[in-house]
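Chain A is the first sequence line, chain B the second, and so forth, proteins listed ahead of strands; every chain is numbered from 1.
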4 protein chains.
Amino acid sequence: MPPSTAPRSWKEKQRQEREALILQTAEEVFCEKGYHETSIDEIAARVGIAKGTVYLHFPSKEDLLVALFRRDTEQVISEVEAIASSPGCSAREKLEAILHLLYGELFKKRTRLFYSIYNSPEMRVLLEKKKEMGDHWGQLTHCLEELLAEGQAAGEFDPELPTSVMLSLFLNLVSVRGYERLVGQEGLAPAEVARYLARIYFKGIAAEHKPSC
Amino acid sequence: MPPSTAPRSWKEKQRQEREALILQTAEEVFCEKGYHETSIDEIAARVGIAKGTVYLHFPSKEDLLVALFRRDTEQVISEVEAIASSPGCSAREKLEAILHLLYGELFKKRTRLFYSIYNSPEMRVLLEKKKEMGDHWGQLTHCLEELLAEGQAAGEFDPELPTSVMLSLFLNLVSVRGYERLVGQEGLAPAEVARYLARIYFKGIAAEHKPSC
Amino acid sequence: MPPSTAPRSWKEKQRQEREALILQTAEEVFCEKGYHETSIDEIAARVGIAKGTVYLHFPSKEDLLVALFRRDTEQVISEVEAIASSPGCSAREKLEAILHLLYGELFKKRTRLFYSIYNSPEMRVLLEKKKEMGDHWGQLTHCLEELLAEGQAAGEFDPELPTSVMLSLFLNLVSVRGYERLVGQEGLAPAEVARYLARIYFKGIAAEHKPSC
Amino acid sequence: MPPSTAPRSWKEKQRQEREALILQTAEEVFCEKGYHETSIDEIAARVGIAKGTVYLHFPSKEDLLVALFRRDTEQVISEVEAIASSPGCSAREKLEAILHLLYGELFKKRTRLFYSIYNSPEMRVLLEKKKEMGDHWGQLTHCLEELLAEGQAAGEFDPELPTSVMLSLFLNLVSVRGYERLVGQEGLAPAEVARYLARIYFKGIAAEHKPSC
DNA sequence: CATGAATGAGTGTTCATTCAT
DNA sequence: TATGAATGAACACTCATTCAT
């Protein structure tokens, strides 16, 4: 019975749970209404806490967004890197797995805001202040770029295509708009959509004359 | 000599020119700073008119955005429809022309905000209030969808791919993020990027054994 | 009938009157409640305008205080310098006139806040941000110091006393606390108090054995 | 061996020491930053206790200030009264001793805030709520006033001067502003300044033709 | 008793919108 | 019609105070 660690860890646990709850709620409201249309008051109200409590966890609304971005990016990056470093798979297989990851269950939950951020000039302004966010994102794109280059080197992908173009298009395979249209309105399954997109994309970037033949 | 129409039409012309100028300026500022970070004051100042004058043309900031959206959509739609109805071209050729249109010069000027709008939850909220905007956009997508279906029917495109998926990806070929990265940072020419994207896309959606062999 | 200058000057006049009114009111409330206990809301309410209107004239609460300080300091300085440069008077006569000025009618109106500012650590913090304010004050003290030195040189004042000590005490002859006690509570006339203070002060700093005798 | 009083008195001692420490610290911070710019958090942090603990000793921030005021006033009053009742000294000698007391070491530590309080409207508002404080101060001024009257009666001081004016000026000999300027910036020794001030003051209020004549 | 997380009223500031001139 | 001063609702953020642990 450690009298000092137990309470501390309990308090700490409480604290972290609350922080996660704030983040989760903030993400929901940000996604629903957008960053500027969301007030700290509303986030607090939805969590069921007082406004001031939010500020015990995040020093400003902006930092709340940054924390959210970090949480999601780290989550995604670690999963993506796990896939990227899995042995015995071709670059294409890895990228396809990543696409499914991004488009699949995860998407619904964590990447909506995340994608919106980079597409919106609203956010660019904010992001320029917080260099770290750009760095995180850079980590992800760097990882993808290497896979693409690897695939080109291995003769899987068309070597004439600039890697940056392939990367850009790969990132655009996933989009909030597309998701909502295809999954939300048309009723397609995320995995199905991902499969189609992969099919088009990888066929599109495939090397001209596959090895033999 | 209609003493009332002549001056009225001159006044009217002045009025329309001013309105166009406001729209143009608003678009620039919105693109630079985002909708919420832009104040009516700044738009008016850049145009060189008083804040109140903006309200003589647009009843609210929101309506200014809607008008902007309409202007751009109509512009794009008319150009796209012109291409779509040009005779003697295959669906692929038409779509490729449209892609170049979207990615080319036009993009820099008119479609930045426009694309951001649909990717950002910030804007979705605003736009849901104005049903008409969805209609405009629907007109465009419908037009593209028909071209894609036409291509499938003609055996140009893989008939197994859902048209909606092809459409979604086609729309995603163009993105602000991608444009900035490839054209702005990497220094590629817009037309070059568009060519690469078209190459990947159309190869990706091509029918399996085209000619018959 | 100048159609362009008249309206401008009228507007401008309105504006300046309003600004003066805000300053006046702010001074009253600051004096009554102190800087921190005063809200912009209250100032606006007392003036009878909306809160936002205050911000059309002063960019922040702090700047409102600075403007107030400037207004009063400039007023005082110009009057003090007028006295200091009046010909044919001894240093003592000039300083005595200044003392009467500070203690007299002016005091009631303009210098209350002003004196409080320098005595309060609350304000020191603010003042450090706005160097200009210190400069203004320095102008005043410099002027007084010269008069004191002049008096010493002329054999009017005890040359053994450090000028800085004489200056410091001269400034302390006037005090909010003293004013309130003597004039407010005891019912003495300001001019009478000033006369007594001058009598004590100038006798206290007088040169030991005046010339002859 | 009273098992309840002994630990209680020990606890009580602890408690009082802590209370004194809080007061001391509060005074320092109040002097540095001013009352409003100081947060309970900072005081607690400097003492090394939790914020809530401060509230076990003082029911509010305001009461903390009042307690501080009381502590300092009582301290000063007791010392001043000790001087005032010391036998065999003239009124002037006593007042001179008091002046040195106020200006000397003590000043640096205990009277800064104390003087600011009466000069600042910020504080007047607060202190008017606590009548007792005025009483304390009244005790001190009463004591000084008696010494001045005593000196007048003894023929030391000019009998034509209103005692209240002499009192007011005596209180103003000491000032935060003056102290900082003369001791802090000019580098004069506090005792030296006090000597100069005494010299001026007592010469200024001296009876016309003292001993002989 | 001591703690410090939680509270929520209060405040400075912004800015879309209105309207008298 | 064009103006821009005036408005006031909205919001981020602070901090004295409370209270469950």
Shortest non-hydrogen contact between D:H57 and D:E19, atoms and distance:
ND1-OE1, 3.1 Å
Under 3.5 Å for both donor-acceptor distances, Watson-Crick or wobble: does E:dT11 have a partner, and if so which one?
F:dA12
Over all heavy atoms of both residues, which pair between D:K51 and D:I40 is shortest? Give the atoms and the distance, please.
CG-CG2, 3.7 Å
Could you state the atom-to-atom distance from CD1 of C:I40 to C1' of F:dG8 in whole Å?
15 Å
Do you know the tightest heavy-atom contact between D:V47 and D:I22?
CG2-CA, 4.1 Å
Rounded distance in Å - CG (B:L64) to P (E:dT17)
10 Å
On a heavy-atom basis, which atom in D:A26 and which in D:L64 lie closest, and how many Å separate them?
CB-CD2, 4.0 Å
Interatomic distance where NZ belongs to A:K61 and P belongs to F:dC13 [whole Å]:
8 Å
Could you state the NE2-C1' distance from D:H36 to E:dT11, rounded to the nearest angstrom?
13 Å
F:dG4: pairing nucleotide in any strand, Watson-Crick or G-U under 3.5 angstrom:
E:dC19
B:D41 CG to E:dA16 P, straight-line distance once rounded to whole Å
8 Å
Parallel, tilted or perpendicular: which describes the rings of A:Y35 and A:F30, with under 30° parallel and over 60° perpendicular?
tilted
Between D:E37 (CD) and E:dG12 (P), how many Å, whole number?
12 Å
When rounded to whole Å, the CD to P distance for the pair B:E17 and F:dA2 reads 13 Å
Considering non-hydrogen atoms only, spot the tightest contact between D:D63 and D:S60 and give its length.
OD2-OG, 2.6 Å
Polar atoms only, N or O, under 3.5 Å: list the protein pairs with nucleotides 3-7 of chain F and their distances.
{"from": "F:dT3", "atom 1": "OP2", "to": "B:A50", "atom 2": "N", "distance (Å)": "3.2"}
{"from": "F:dT3", "atom 1": "OP2", "to": "B:T53", "atom 2": "OG1", "distance (Å)": "2.3"}
{"from": "F:dG4", "atom 1": "N7", "to": "B:G52", "atom 2": "N", "distance (Å)": "3.2"}
{"from": "F:dA6", "atom 1": "OP1", "to": "C:R18", "atom 2": "NE", "distance (Å)": "3.4"}
{"from": "F:dA6", "atom 1": "OP1", "to": "C:R18", "atom 2": "NH2", "distance (Å)": "2.9"}
{"from": "F:dT7", "atom 1": "OP2", "to": "C:A50", "atom 2": "N", "distance (Å)": "2.9"}
{"from": "F:dT7", "atom 1": "OP2", "to": "C:T53", "atom 2": "OG1", "distance (Å)": "2.4"}

Write down the distance between OH (A:Y55) and C1' (E:dG10), rounded to a whole number of angstrom.
14 Å
